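Note sheet for the following structure.
None of these values were measured; they are calculated from a predicted model. Just so we're on the same page: letters track the sequence lines, and every chain starts at 1.
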Amino acid sequence: MRKQLVSFAILIGLLCAVPPIAYWLDDLFLLSLASRCLILASAAVATNLIMGYGGLISLGHAVFIGIGGYVVGIASHHAFNDGMTWLSNGFLQLVAVLVLSVLVALFVGLVSLRTKGIYFLMITLAIGQMFYLAAVGAYDYGGDDGMTVFAKSRFLGQALSGHYLIYWVSAAYLTASMFLVARLSSSRFGLVLRSAKVNEARTRAMGYEPFRVRLVAFTVAGVIAGGAGFLMANHAGFVSPAMLHWTRSGDLIVMVVLGGLGSVFGPLAGTVAFLALEEVLSGITEYWAIPVGAILIAVALYTPQGVMGLLSRRRNHG
Amino acid sequence: MVDPILSVEGLNKRFGGLAATDDVSLSVPPGTLHAIIGPNGAGKTTLIAQLMGALRPDSGRIVFQGEDVTALATPARVRLGMARSYQVTSLCPDFSVLENVLLASQLRDGGWLSFWRPAIAYPRARSRAMEELSKVGLADRSDRLAGELSHGEQRQLEVAMALASDPVLMLLDEPLAGLGRDEADGMVSLLHSLKGHVTMLLIEHDMEAVFALADCVSVLSFGRIIASGTVNDIRKDPNVRDAYLGTEGDAHA
Ligand SMILES: Nc1ncnc2c1ncn2[C@@H]1O[C@H](COP(=O)(O)OP(=O)(O)O)[C@@H](O)[C@H]1O
Ligand SMILES: [Mg+2]
């Protein structure tokens, strides 16, 4: 616990160092890249909750990023085109993201969480692609091409735009979601969730119904990813069906595995590693996914705890 | 006669052509230790799995404290007061020893619907867990990872976990399996000290242990109870000698 607080202090220190460096280098692209990384990392934090702690590999988690993104996009569309400026209210949008994420998570969870392993993977994939196709078919909202977010979310008159503001909000959101998941993982709920991952029959024989515990985890993870989608739309100024394509869910899984399953800081480490690999390798070959896949296999075989495992060589739950 | 804690009536379970449980009936009075012996493959673990709700019987009834639990799911049976230890150790190896036991002791101290406070920060569940760990002699190991314990210690942890959920009835599946002589003696005296406080259904290969502990012994062979009675009755029973005691040497094969 103490050690973890120190780690959080270091994390906050590092996060605070980025804007001054970007200012000093006069490099807003760097800051924007960092924001993108932090937002993706918070979605990876959500994925880690269900996958790292819960053992549930979902190929549909990007749906929640899509929900967050499309709430902003649709609100912006009507605010901009139909003069319904009240829709730009960020608080209102966040409530919508929360409610929709919870409802969709409960729906997907109720349908999928009775199954395990490859079946769970296939069901979440199918449901995810359903949402993807729905977004593609939403011609009013740009269909396949998506739409530009002209009217950013507004909080008390302040639009959620500007490189520095977006960065700070993303950094705060990532830190908060990491801290939340850290607390969850060592709570009673987390203990049962992790136990059900290791041994489901045993967990039942201890008096717990893994299904219910997983449904809660799935819902919390949905909400966190929904919030990430909300930030992503405001940051990129653009939403499209690609946000919720199953390959995005796959990226999240790769990030979590790279960083180290079930570790508090793993998702951020994994996201940094993933974006760095993408950046470096895509300059060398357009088939950059192949070496990333090879690295992933190497990680799975040789350092199952991922980047965090290499850093600490000791597993840390909480 | 007092009402039994557990009574099983005409339980049957087939795996294809194999009758793993064949018309099993038994009744366990409160506070007693009922042992079930029988060679490997006799259907002992299968019987426990049905009592616990992990396997559904084909027919028959399981009555626990007067309530028909045959159709209840495992967690519901645990809430009513059943607990089980496993023949094959099945702990969470990267949980601490204490966390493993907390998993059991928190059940009756508010349950799992707690999301912020660390599980180890609940004093009541924690002291309850520590109490059970001292009973089995693992109090000084509470911070170790369960996976780092020796085989014998893991068996003890299994029992501590079953105890920590405050059970009325414990189903113990070969708790002595793989223990050294000293460890086995320790386990036997632990089970002895529990007699009277908690009702136990003990599955065990170790004859000496069974004869030292049991109030009643049932002998299972090919899924069927071929004899049931006190330790003395069982010792003398010629059928049992043929079916089991005579071949004790092979029972471990
Ligand atoms: N899930 C199962 N499917 C098919 N056969 C099984 C299953 N579980 C147990 N059996 C068979 O049932 C018999 C009883 O097994 P078990 O209850 O494990 O015996 P014991 O615990 O007395 O050694 C064995 O012949 C075993 O092979
Ligand atoms: Mg067995």
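Proximity of Met255(A) to Thr47(A): side-chain heavy atoms (C-beta onward) are nowhere separated by under 4.5 Å. A 4.5 Å side-chain heavy-atom check between Leu191(A) and Ser187(A) finds every atom pair outside the cut-off.
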Candidate pair Phe189(A) and Trp116(B), rule ring-ring contact (aromatic ring centres under 6.0 Å, His included), full reasoning: CA-CA 9 Å; Phe189(A) 154 79; Trp116(B) 191 254; over 10 Å; no
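Put simply, CG on Leu38(A) and CE on Met232(A) are 11.0 Å apart, with the number rounded to the nearest 0.5 Å.
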Would you tabulate the side-chain donor-acceptor contacts of residues 91-114 of chain A under 3.5 Å, counting partners in other chains and residues two or more places apart, or write 'none'?
{"residue": "Gln93(A)", "atom": "OE1", "partner": "Ser153(A)", "partner atom": "OG", "Å": "2.5"}
{"residue": "Gln93(A)", "atom": "NE2", "partner": "Leu87(A)", "partner atom": "O", "Å": "2.8"}
{"residue": "Ser101(A)", "atom": "OG", "partner": "Val97(A)", "partner atom": "O", "Å": "2.7"}
{"residue": "Ser112(A)", "atom": "OG", "partner": "Val108(A)", "partner atom": "O", "Å": "2.7"}

Less than 3.5 Å apart, which donor and acceptor atoms pair up between the side chains of residues 103-110 of chain B and the rest of the protein, not counting sequence neighbours?
{"residue": "Ser105(B)", "atom": "OG", "partner": "Ala125(B)", "partner atom": "O", "Å": "2.9"}
{"residue": "Gln106(B)", "atom": "NE2", "partner": "Tyr208(A)", "partner atom": "OH", "Å": "3.4"}
{"residue": "Arg108(B)", "atom": "NE", "partner": "Ser165(B)", "partner atom": "O", "Å": "2.6"}
{"residue": "Arg108(B)", "atom": "NH1", "partner": "Arg79(B)", "partner atom": "O", "Å": "3.0"}
{"residue": "Arg108(B)", "atom": "NH2", "partner": "Val78(B)", "partner atom": "O", "Å": "2.8"}
{"residue": "Arg108(B)", "atom": "NH2", "partner": "Ser165(B)", "partner atom": "O", "Å": "3.2"}
{"residue": "Asp109(B)", "atom": "OD1", "partner": "Arg124(B)", "partner atom": "NE", "Å": "3.1"}
{"residue": "Asp109(B)", "atom": "OD1", "partner": "Arg124(B)", "partner atom": "NH2", "Å": "2.6"}
{"residue": "Asp109(B)", "atom": "OD2", "partner": "Arg188(A)", "partner atom": "NH2", "Å": "2.9"}

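Side chain of Arg77(B) to main chain of Leu72(B): a donor-acceptor pair is present (N/O by atom type, distance under 3.5 Å, no hydrogens or angles). At least one donor-acceptor pair closer than 3.5 Å links the side chain of Lys197(A) to the backbone N or O of Gly52(A).
Proximity to chain B (any heavy atom under 4.5 Å) is shown, for Leu193(A), by neither the backbone nor the side chain.
Identified by a heavy-atom distance below 4.5 Å to chain B, contributing residues of residues 219-231 of chain A are lacking entirely. Using a 4.5 Å cut-off between non-hydrogen atoms, the part of residues 51-71 of chain B that approaches chain A consists of Met52(B).
Ranked by heavy-atom pairs under 4.5 Å with chain B, the first of Ala205(A), Gly190(A), Gly207(A), Ala201(A) is Gly207(A). Note: Arg202(A) leads Met206(A), Arg202(A), Arg212(A) in heavy-atom pairs under 4.5 Å with chain B.
Taking the six-membered ring where tryptophan is involved, the planes of Trp112(B) and Phe115(B) are perpendicular, since the angle between them exceeds 60° and thus also 30°.
The neighbour count for Leu194(B) CG, taken as heavy atoms of other residues, nucleotides or ligands under 6.0 Å away, is above 12.
For the residue pair Gln87(B) and Thr45(B), a side-chain donor N or O sits within less than 3.5 Å of a side-chain acceptor on the partner.
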